[in-house]
Amino acid sequence: MPSRSEKRKGEADLHVHTAFSDGVLLPEKVVEKALGLGLRAIAVTDHDCVDGIAPSVSAAEGTTLEIIPGVEISAAAGDREIHVLGYFIEPRDPGLLKTLQKMKHNRMVRMRGILANLKKRGVSVDEDKVFANSGEGTLGRMHLARVLKEEGVVRNTWEAFDKFLGDGRPCHIKHKRLDYRKCIELILGAGGVPVLAHPATMGSDEYIPAYISAGLRGIEAYHSKHRPSASRKYCRMCGELGLIATGGSDCHGVAGWTGEIMLGKVTVPYGVVENLREEAVKVRGSRERLSVNSDK
Ligand code: AMP
Ligand code: FE
Ligand code: FE
Ligand code: ZN
């Protein structure tokens with residue numbers, strides 16, 4: 001099977017971050033770069049935030065690029081953190097917006113805790129600088145890592161995670177995460193198609209049957225951190241379980257210390273977008289049937 005990163009023109013990158021979460025590129029720049037690569041579609045999938053969708057759609061208006069409204073929500077499966085992608089969500093869905101707003105508040109409280117942990121270790125960082133770095137969107141550890149680099153505390157963001165912020169490192173505080181069932185329900189409620197993000201990096205495969213029972217419709221088989229053997233495994237799994245195999249670069253603007261722009265490095269044929277769109281129609285159909293039944 002060819003690696004999905006070999007092709008790109010006319011294809012779709014279904015996992016892209018903007019500056020509305022921890023990506024560095026504004027939606028306009030992401031759109032410009034995607035057009036330059038000849039992509040036919042990208043999904044804007046910011047962490048716990050949908051505010052980057054409208055500016056991306058505006059920037060792509062009148063061009064050949066399609067913007068798929070998406071989101072990447074952090075959730076918990078037992079003691080594991082997982083990420084669930086939601087495709088073709090309605091970005092103005094009140095239930096979704098309410099939960100994302102709550103998550104935004106929790107992230108601010110968490111960041112203050114992480115800053116207090118740093119202070120105990122003799123590293124003082126101006127809270128406003130970190131908040132300014134995240135702008136309007138989702139505040140995360142990457143924003144703090146960038147400030148630590150700017151202030152000369154660390155040489156690069158990798159070192160910030162390695163020394164202080166990474167999972168299990170001294171200053172890390174876990175998110176207050178949504179239970180995976182609530183997370184999947186939230187995406188379905190917003191008319192979206194829930195897809196398990198980069199499973200090879202999360203190590204929660206034994207939960208996949210439970211995710212499916214909760215309403216999961218796909219698995220991100222192709223991802224920049226998936227080896228070809230992992231992609232083959234998840235593709236096979238999708239075939240056996242009747243799920244949609246998706247893929248994307250998980251571009252955050254610039255990657256690590258190489259400075260490489262990942263956009264379009266992992267793509268899937270446009271047919272996958274059509275499958276997701278059809279699935280979203282089914283999700284909305286069953287959601288409407290459910291609400292008609294509950295009226296009775
Ligand atoms: P948060 O949502 O605040 O927990 O931060 C998660 C984000 O931080 C991920 O999406 C990555 O962009 C980044 N990240 C997490 N762990 C690392 C790590 N060890 N090295 C580099 N970036 C990381
Ligand atoms: Fe990220
Ligand atoms: Fe993720
Ligand atoms: Zn991502």
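Within the model, atoms CZ of Phe20 and CG of Asp46 stand 8.0 Å from one another, a figure rounded to the nearest 0.5 Å. A distance of 9.5 Å separates CD in Glu185 from CG in Asp179, rounded to the nearest 0.5 Å. Taking SG of Cys251 as the start and NZ of Lys33 as the end, the distance is 9.0 Å to the nearest 0.5 Å. To the nearest 0.5 angstrom, Ile42 atom CD1 is 8.5 Å from Ile68 atom CD1. Atom CD1 of Ile82 is separated from atom SG of Cys183 by 6.5 Å, given to the nearest 0.5 angstrom. Atom CD1 of Ile173 is separated from atom CZ of Arg110 by 7.5 Å, given to the nearest 0.5 angstrom.
With Asp48 as the fixed residue, the salt bridge (Lys or Arg N to Asp or Glu O under 4.0 Å) test singles out one of Arg107, Lys102, Lys104: Arg107. Applying the ring pair (Phe, Tyr, Trp, His ring centres under 6.0 Å) test between His15 and each of His252, His223, His226 identifies His223 as the sole match. Considering Asn117, Val123, Leu118 as possible partners of Lys120, the one that fulfils the side chain to side chain contact (heavy atoms under 4.5 Å, CB included) test is Asn117. For the pairing with Leu148, the side chain to side chain contact (heavy atoms under 4.5 Å, CB included) check across Asn156, Leu165, Thr157 returns one residue only, Leu165.
For the pair Glu220 (side chain) and His198 (backbone), a donor-acceptor distance under 3.5 Å is present. In terms of modelled atom types and a separation under 3.5 Å, the side chain of Arg169 and the main chain of Asp162 share a donor-acceptor contact. In this structure, Thr267 contributes its side chain and Gly264 its backbone to no donor-acceptor pair below 3.5 Å. With hydrogens and angles ignored, the 3.5 Å screen pairs a side-chain donor or acceptor of Arg217 with a backbone N or O of Gly215. In this structure, the side chain of Arg40 does not engage the main chain of Leu65 through any donor-acceptor pair within 3.5 Å. Side-chain N or O atoms of Ser224 include one that pairs as donor or acceptor with a backbone N or O of Ser249 at under 3.5 Å.
In the displayed structure, Glu136 atom CD is contacted under 6.0 Å by at most 12 heavy atoms of other residues, nucleotides or ligands. The environment of Lys29 atom NZ is sparse: at most 12 non-hydrogen atoms of other residues, nucleotides or ligands sit within 6.0 angstrom. Crowding of Arg80 atom CZ: a count of heavy atoms from other residues, nucleotides or ligands under 6.0 Å exceeding 12. Shown here is Arg277, whose CZ atom has more than 12 heavy atoms of other residues, nucleotides or ligands within 6.0 Å. With a 6.0 Å radius and a threshold of 12 heavy atoms from other residues, nucleotides or ligands, Arg155 has its CZ atom at or below the threshold.
A side-chain N or O of Glu66 and one of Tyr270 form a donor-acceptor pair less than 3.5 Å apart. Side-chain atoms of Glu72 and His17 include a donor-acceptor pair closer than 3.5 Å. Residues Asp205 and Tyr211 bring no donor and acceptor atom of their side chains to less than 3.5 Å of each other.
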*Would Ile89 and Leu96 satisfy side chain to side chain contact (heavy atoms under 4.5 Å, CB included), going step by step from the backbone distance to the final call?*
CA-CA 9 Å; Ile89 48 152; Leu96 179 67; 4.0 Å; yes

_Walk me through whether Thr99 and Met103 qualify under side chain to side chain contact (heavy atoms under 4.5 Å, CB included)._
CA-CA 6 Å; Thr99 303; Met103 289 170 96; 4.2 Å; yes

_Val57 and Ile53: CA distance, side-chain angles, deciding distance, side chain to side chain contact (heavy atoms under 4.5 Å, CB included) verdict_ = CA-CA 6 Å; Val57 171; Ile53 297 171; 4.1 Å; yes

*Under the side chain to side chain contact (heavy atoms under 4.5 Å, CB included) criterion, do Ile208 and Met237 qualify, and how do the steps go?*
CA-CA 10 Å; Ile208 289 176; Met237 208 183 265; 3.7 Å; yes

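Using a 4.5 Å heavy-atom cutoff, the side chains of Val44 and Val16 are not in contact. The side-chain heavy atoms of Leu178 and Ile73, taken from C-beta on, include a pair separated by under 4.5 Å. Side-chain contact check for Asn133 versus Lys129: every heavy-atom pair is 4.5 Å or farther apart. The side-chain heavy atoms of Val281 and Glu278, taken from C-beta on, include no pair separated by under 4.5 Å. Side-chain contact between Ile212 and Leu241 is present, with at least one heavy-atom pair separated by less than 4.5 Å. Contact annotation: the side chain of Val31 approaches that of Leu35 to within less than 4.5 Å [non-hydrogen atoms, C-beta and beyond]. At a threshold of 4.5 Å between non-hydrogen side-chain atoms, the residues Arg146 and His143 count as touching. Inter-residue side-chain proximity for Tyr222 and Val268 is flagged as met; some heavy-atom pair is nearer than 4.5 Å.
Linking Ile, Leu, Val, Met, Phe, Trp and Tyr residues whenever their side-chain heavy atoms come within less than 4.5 Å places Phe131 and Val153 in a single cluster. One hydrophobic cluster, built from ILVMFWY side chains closer than 4.5 Å, holds both Leu97 and Val84. Cluster annotation: Leu26 and Leu263 are assigned to distinct hydrophobic clusters (Ile/Leu/Val/Met/Phe/Trp/Tyr, side-chain heavy-atom contacts under 4.5 Å, transitive). Placement of Phe161 and Val154 within a single hydrophobic cluster is found when ILVMFWY residues are connected by side-chain heavy-atom separations under 4.5 Å, directly or transitively. The hydrophobic cluster containing Tyr207 also contains Leu186, counting ILVMFWY residues as joined when their side-chain heavy atoms lie under 4.5 angstrom apart, directly or transitively.
For His47 against Thr138, the heavy-atom pair with the smallest separation is O-OG1, 2.6 Å. The nearest pair of heavy atoms linking Ala214 to Tyr180 is CB-CE1, 4.2 Å. Here the shortest heavy-atom pairing between Ala221 and Ala245 reads CB-CB, 4.2 Å. Smallest separation of non-hydrogen atoms from Ile219 and Pro199: CG2-CG, 3.6 Å. When all heavy atoms are compared, the tightest approach of Pro170 to Arg121 is CB-NE, 3.4 Å. Contact record, Val266 with Asp13: O-CG, 3.6 Å, taken as the closest heavy-atom pair.
With salt bridges taken as basic N to acidic carboxylate O contacts below 4.0 Å, one links Arg284 and Glu90. A salt bridge does not link Lys174 with Glu81: every distance from a Lys NZ or Arg NE/NH1/NH2 to an Asp or Glu carboxylate oxygen is 4.0 Å or more. For the pair Asp167 and Arg141, the salt-bridge criterion is met [side-chain N within less than 4.0 Å of a carboxylate O]. Taking a cutoff of 4.0 Å between a charged side-chain nitrogen and a carboxylate oxygen, Lys282 and Glu279 qualify as a salt bridge.
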